[in-house]
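The structure appears below as structure tokens.
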Amino acid sequence: MVRVLKKGLLLVLLLVAFVVGTQNPNVVEVNFIVASAEMPLATLLSLCLFSGILLGVLFNLASIVRLKQKNNQLHKTNNLLLNKDQSKP
């Protein structure tokens, strides 16, 4: 069921990306700090979207790793306490 929902969500996102791309064929000039470029608006929107998604995933991965390490540490502490209680008569 989850796989079907994921595939459906991916299909909807691809459809939205296609619609946005076809509705924004205008060429725009983008000025960077040291250079400038001309590119279609749809390409610029896609680059901004994917870079935002990438940054969000990277920041979330960092906190997930920290939380997993803390969780493992707490499990070890809990197991030590349980073993200590079980050894007492």
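Along the sequence shown, residues are numbered consecutively beginning with 1. Bear in mind the structure is a predicted one, so any value in this text is a computation, not a measurement.
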- Please collect all side chain to side chain donor-acceptor pair (under 3.5 Å) contacts where either partner lies in residues 50-75, sequence neighbours excluded, each pair once. N71-H75
- Message: Assess the residue pair M39 and V30 against the criterion (side-chain contact (heavy atoms from CB on, under 4.5 Å)); give the C-alpha distance rounded to whole Å, side-chain angles, the decisive distance to 0.1 Å, and a yes or no.
- Response: CA-CA 8 Å; M39 63 180 69; V30 181; 4.2 Å; yes
- Message: Taking V16 as the starting point, is it possible to reach L47 by hopping between hydrophobic residues whose side chains are less than 4.5 Å apart?
- Response: yes
- With side chains defined as the heavy atoms from C-beta onward, is the minimum distance between S46 and T43 less than 4.5 Å? no
- So how far is it from T77 OG1 to L82 CG, rounded to the nearest 0.5 Å? 11.0 Å
- Gap between atom CG of N26 and atom CD of E38 - 0.5 Å precision: 12.0 Å
- Message: Take a 6.0 Å sphere around CZ of F32 and say whether it holds more than 12 heavy atoms from other residues, nucleotides or ligands.
- Response: yes
- Mind checking the CG-CZ spacing from L45 to F50? Nearest 0.5 Å is all I need. 11.0 Å
- ILVMFWY cluster, I53 and L61 together (side-chain gap under 4.5 Å): yes
- Task: Ignoring hydrogens and angles, tell me if any N or O in the side chain of N78 forms a donor-acceptor pair with the backbone of L74 under 3.5 Å.
- Result: no
- Does T22 reach the main-chain N or O of F18 with its side chain, forming a donor-acceptor pair under 3.5 Å? yes
